[in-house]
Amino acid sequence: MKKDIILSGVGGQGIISIASIIGYTALQKNLHLKQSEVHGMSQRGGAVMSNLRISDKPIASDLIPFGKADVIISVEPMECLRYLPYLSPDGWLITNLKPFVNIPNYPEMEAILAEIKKVKNHVILNADDIAAEIKAKRSMNTVMLGAAAPFLGFTTEDFEIGIRGIFGGKGEEIVQQNIDALNAGLKEAEKFYK
Amino acid sequence: MQKLLLLGDEAVAQGALDGGMSGIYAYPGTPSTEITEYVQENKYAKEKGIHRDWSANEKTAVESAIGMSYAGKRAMACMKHVGLNVAADAFVNSAITGANGGLVITVADDPSMHSSQNEQDSRFFGQFAQIPMFEPCDQQEAYDMAYKSFELSEKFRLPILMRIVTRLAHSRAGVERKEQKQQNEVKLPSDPRQFVLLPSIAKQSYKNLISIQDKLIHDSENSEFNKYIDANDKKLGIIVSGIAYNYLMENFEDRNVPHPVLKIGQYPLPKAHIEKMFKECDKIVILEEGYPIIEDQLAGFLCNEKILGRRSGTVPRDGELNPNIVAKALGLKQPELNALPENIKGRPPQFCDGCGHIDMYNALNEALSEYGTGRVLSDIGCYTMGALPPFSAINSCVDMGASITMAKGAADAGLVPSVAVIGDSTFTHSGMTGLLDAVIENTPIVVCIADNSFTAMTGGQKSHAEDKIDNIVKGIGVPPEHIRVLNPMKKHHEEMVNVLKEELAYKGVSVVIFRRVCITHYASMMKKKRAEKK
């Protein structure tokens, strides 16, 4: 088992919470893990990404080589494009549709969508809307994780344990919201591969 | 024992704690900040009263660590690479005094300048000071080396430089701990003159430092962190240091490299291993993160053609390494990659919504409009983003504290008025002495202190300047009527512009303090406090 995952978004959107759930889940399975993060200046509204590598063998590099990522999970549509050179030919691109516009020259959405659709394996969903629909507005990240779940090598039950591990301290309500978000993302993504 | 999932920074901290450290001294700086933060949050460190408060700057941090070493205990100072420039005086001289209790300086380099002004290589400083260095390849080695570093320091009675890089500092992996070592007791140096660098004493101490160099090389040759991994294909030998080792191994299934590999983790370089590789291999490629330091030592001025690396063009001359760059240097086949779409736009960092710096810059730009642009010398912190549109409000960012002194120099040259913009924490780091220069000469400058009560850029550490700036500025000798305190909010725009205009017209030193707490870190601080109450 070996999964190389790139998480991307804008500083402050909280991609690390996705990494934490996947990381916790992987550790429960006694897998090896390496996770690089962006700290410092870029966290203030800049482009951020995280490399997450999981394997049943020891992992050498903290960075995923170009062309080797199995999955890109992006909580922002333009940001997913920035890391396309990392995606393997059979890799999956899972992205949120909702743009985070904090620059004056943000490209047209149509142009962004056209680029996303050029990727053979892609899933596009409006995770913000889905999170709002299930009354779990702050769980947009977990909706994205749900959409990516089938490509990460774990079952939804595994991820529920991960969610409990990360959010357990915040109470059962938050845990349940995140589990709902996970399932909602999973369901929405199905239409792209079933 | 179950493995801990730690950042490279945290692994250094845990290794130092388990290795018997009695105090850590640091000023925040990406990518080194989390070393000290880990110790600050650590339960054992709290119980044992291990020193873990921030220092005013890197120089005071290293000096305090030297002091703790003088008193016989194990101390670590931490900083980012440019912080070592600030601490250089203390650092280089600590090699001459030597250590008493274990003394370790951990420096986090930032190749590719993710959050920095340059990509200087701290190994250069280690060589300059002629002390042993550690360079871990991964989180486990970061732990193991930090754990062992105090012992090595005490063995040779020298400070140790521990060099890490961003990609290790800010990446998590599993780390296995070792047995907890006890702290040292207070014990003065056996030679009472060890730390007295009077020329007559320093001359002898320096001779001792030189005479010990062969022993340091011998120790490197026998170090567990330097490994010679032999292989059959001797057309090429590979010397690889620090994190570059991981990028090398990433390119070979089950880590089977067909060429001999010399993995470097401890300096000075293990001479015997290098001589063996030079003798047995046709060519040697050197993979090192940062400057071509090993390459220069081997190829030297005569550029031996057998040696390949950053100077020979085999590896790019600047920027950090990655698995693909290493693959290319070794001539390995590269996969075809997805192209980067053309319409992706850059997304630079920016001020948080509602940040007081926005209001400060809007007022400053308006107040300066009658004088023309190009008069604002600034500094290092969140407010450096004032250089970006739509503000384009500042004209420099050079080093910590340089705003005030550069404004003074510009005013001396005739650019009057000149303005400095500096943060509260940067001011107490190294802005105060420059203000004294300006006060002594009554230089016509306006110093704007953006006081948000935090060291905000690095993650909201407590600022030494908190509640002290007004008195410091007064004490340095700025006339009280030219110390103005403003609250940077949109509704106070007119007032701020008027005050700035008055001070810009004054032909002496003015200090305008823009005081409003950092909204981002204030919110998280309050949240944390509420959680603690529960």
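We name chains A, B, ... by the order of the sequence lines, and we start the count at 1 in each one. Side chains included, hydrogens not; waters and symmetry mates left out as well; all remaining heavy atoms used. All values reported here derive from a predicted model rather than from experimental measurement.
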Enquirer: Identify which part of B/Leu248 has an atom lying under 4.5 Å from any heavy atom of chain A, answering side chain, backbone, both or neither.
Expert: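 For B/Leu248, no heavy atom lies under 4.5 Å from chain A.
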Enquirer: Take a 6.0 Å sphere around NZ of A/Lys29 and say whether it holds more than 12 heavy atoms from other residues, nucleotides or ligands.
Expert: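 Check fails, neighbour count at 12 or below.
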Enquirer: For B/Pro31, is it the side chain, the backbone, both or neither that has a heavy atom under 4.5 Å from a heavy atom of chain A?
Expert: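 For B/Pro31, no heavy atom lies under 4.5 Å from chain A.
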Enquirer: Treating B/Arg347 as the side-chain partner and A/Glu79 as the backbone partner, does any N or O pair qualify as donor plus acceptor under 3.5 Å?
Expert: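 Side chain of B/Arg347 to backbone of A/Glu79, a donor-acceptor pair under 3.5 Å: no, none is there.
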Enquirer: Under 4.5 Å from any heavy atom of chain B, what part of A/Pro89 do you find: side chain, backbone, both or neither?
Expert: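 For A/Pro89, neither part sits under 4.5 Å from chain B.
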Enquirer: Taking atom NZ as the centre, does A/Lys2 end up with more than 12 heavy-atom neighbours from other residues, nucleotides or ligands that are less than 6.0 angstrom away?
Expert: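 Yes, enclosed.
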Enquirer: With only heavy atoms counted, which part of A/Phe100 is less than 4.5 Å from chain B, the side chain, the backbone, both or neither?
Expert: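 Both parts, backbone and side chain.
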Enquirer: Picking from B/Val326, B/Ile344, B/Thr520, B/Thr384, which has the most non-hydrogen pairs under 4.5 angstrom with chain A?
Expert: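 Heavy-atom pairs under 4.5 Å are most numerous for B/Ile344.
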Enquirer: With a 4.5 angstrom heavy-atom cut-off, which part of B/Ile243 approaches chain A: side chain, backbone, both or neither?
Expert: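 Contact with chain A is through the side chain of B/Ile243 alone.
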Enquirer: Below 4.5 Å from any heavy atom of chain B, which atoms of A/Glu115 appear? Answer side chain, backbone, both or neither.
Expert: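 The side chain, not the backbone.
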Enquirer: Please determine, among B/Pro341, B/Pro335, B/Ala327, the option with the most heavy-atom pairs under 4.5 Å with chain A.
Expert: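 Greatest number of close heavy-atom pairs with chain A: B/Pro341.
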Enquirer: Looking at A/Leu84, is its backbone amide N or carbonyl O close enough to the side chain of B/Asn338 to form a donor-acceptor pair, meaning the two atoms are under 3.5 Å apart?
Expert: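 Confirmed, B/Asn338 side chain pairs with A/Leu84 backbone.
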Enquirer: Could you tell me which of A/Ile112, A/Leu33, A/Ile64, A/Val48 has the largest number of non-hydrogen atom pairs under 4.5 Å with chain B?
Expert: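 Most pairs with chain B among the choices: A/Leu33.
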Enquirer: Is there side-chain contact between A/Arg44 and B/Cys382, with at least one heavy-atom pair below 4.5 Å?
Expert: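 A side-chain contact exists here, since the closest heavy-atom pair is under 4.5 Å.
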Enquirer: Would a distance-only check, ignoring hydrogens and angles, find a side-chain to backbone donor-acceptor pair under 3.5 Å from B/Asn324 to A/Phe66?
Expert: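 Judged by distance alone, yes, a pair lies under 3.5 Å.
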Enquirer: Taking 4.0 angstrom as the limit, do A/Glu37 and B/Arg167 come out as a salt bridge?
Expert: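 B/Arg167 and A/Glu37: not salt-bridged.
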Enquirer: For A/Asp62 and B/Gln139, which I'm curious about, is there any donor-acceptor pair between the side chains at under 3.5 Å?
Expert: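 A pair is found: one side chain offers a donor N or O, the other an acceptor, under 3.5 Å apart.
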Enquirer: I would like to know whether B/Gln350 and A/Ile103 meet side chain to side chain contact (heavy atoms under 4.5 Å, CB included); could you show each step before the answer?
Expert: CA-CA 9 Å; B/Gln350 45 198 279; A/Ile103 48 173; 4.3 Å; yes
Enquirer: Check whether B/Leu6 gets within reach of chain A through its side chain, its backbone, both or neither, counting any heavy atom under 4.5 Å.
Expert: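 Contact with chain A: none, neither part.
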Enquirer: Please classify the contact between B/Ile325 and chain A as side chain, backbone, both or neither, with a heavy-atom cut-off of under 4.5 Å.
Expert: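 Contact with chain A involves no heavy atom of B/Ile325 at all.
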Enquirer: With a 4.5 angstrom heavy-atom cut-off, could you sort out which part of B/Ala456 is near chain A: side chain, backbone, both or neither?
Expert: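 Looking at B/Ala456, just its backbone touches chain A.
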Enquirer: Looking at side-chain heavy atoms only, is the closest gap between A/Met78 and B/Asn343 below 4.5 Å?
Expert: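 Side chain of A/Met78 against side chain of B/Asn343, heavy atoms only: no contact under 4.5 Å found.
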Enquirer: Quick check on B/Thr30 against chain A: is it the side chain, the backbone, both or neither that has a heavy atom closer than 4.5 Å?
Expert: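 When you check distances to chain A, only side chain atoms of B/Thr30 fall under 4.5 Å.
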Enquirer: If you count heavy-atom pairs under 4.5 Å between each of B/Ala339, B/Gly346, B/Gly29, B/Gly174 and chain A, which one has the most?
Expert: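 Heavy-atom pairs under 4.5 Å are most numerous for B/Gly346.
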Enquirer: I want to check something: taking the side chain as every heavy atom from C-beta on, are B/Lys3 and A/Leu27 in contact at a cut-off of under 4.5 Å?
Expert: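 No. Closest side-chain heavy atoms not under 4.5 Å.
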Enquirer: Check each atom of B/Ala169 against the heavy atoms of chain A and say whether the ones under 4.5 Å are side chain, backbone, both or neither.
Expert: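 Interface part for B/Ala169: neither.
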Enquirer: So which of A/Ser50, A/Gly46, A/Gly45, A/Ser61 has the biggest tally of heavy-atom pairs under 4.5 Å with chain B?
Expert: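 Counting heavy-atom pairs under 4.5 Å, the top option is A/Ser61.
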Enquirer: Of the listed residues (A/Lys118, A/Glu76, A/Lys68, A/Glu108), which shares the most heavy-atom pairs with chain B below a 4.5 Å separation?
Expert: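 Most heavy-atom pairs within the cutoff with chain B belong to A/Glu76.
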Enquirer: Taking atom CG of B/Asp353 as the centre, report whether more than 12 heavy atoms of other residues, nucleotides or ligands fall under 6.0 Å from it.
Expert: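 Result for CG/B/Asp353: open.
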Enquirer: Against chain B, work out which of A/Ala47, A/Ser88, A/Gly67 has the most heavy-atom pairs shorter than 4.5 Å and name it.
Expert: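 That would be A/Ala47.
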Enquirer: Report the option among B/Arg172, B/His114, B/Met457 that has the most heavy-atom pairs separated by less than 4.5 Å from atoms of chain A.
Expert: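 Answer, by heavy-atom pair count under 4.5 Å with chain A: B/Arg172.
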Enquirer: Please look at B/Glu34 and chain A and tell me whether the side chain, the backbone, both or neither of the residue comes under 4.5 angstrom of a heavy atom of that chain.
Expert: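 Only the side chain of B/Glu34 comes within 4.5 Å of chain A.
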Enquirer: Most heavy-atom pairs under 4.5 angstrom with chain B, which of A/Asn102, A/Leu87, A/Leu81, A/Asn51?
Expert: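 So the answer, after comparing A/Asn102, A/Leu87, A/Leu81, A/Asn51, is A/Asn102.
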Enquirer: Sort out for me which of A/Pro58, A/Gly12, A/Pro65 touches chain B most, counting heavy-atom pairs under 4.5 Å.
Expert: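 When all of A/Pro58, A/Gly12, A/Pro65 are compared, A/Pro65 has the most.
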Enquirer: Counting neighbours of CD on A/Glu173 that are heavy atoms of other residues, nucleotides or ligands and sit closer than 6.0 Å, is the number greater than 12?
Expert: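 At most 12 heavy atoms, drawn from other residues, nucleotides or ligands, come within 6.0 Å of this atom.
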Enquirer: Report the option among B/Lys345, B/Glu336, B/Gln334, B/Arg255 that has the most heavy-atom pairs separated by less than 4.5 Å from atoms of chain A.
Expert: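 When all of B/Lys345, B/Glu336, B/Gln334, B/Arg255 are compared, B/Lys345 has the most.
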Enquirer: Quick one: what part of B/Pro323 sits under 4.5 Å from any heavy atom of chain A, side chain, backbone, both or neither?
Expert: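 The side chain, not the backbone.
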Enquirer: Go through A/Lys57 and B/Asp254 one step at a time and tell me if the salt bridge (Lys or Arg N to Asp or Glu O under 4.0 Å) criterion holds.
Expert: CA-CA 9 Å; A/Lys57 286 188 201 165; B/Asp254 294 324; 3.4 Å; yes
Enquirer: Has B/Tyr522 got more than 12 heavy atoms of other residues, nucleotides or ligands less than 6.0 Å from its OH?
Expert: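 No - once you tally the heavy atoms of other residues, nucleotides and ligands closer than 6.0 Å, there are 12 at most.
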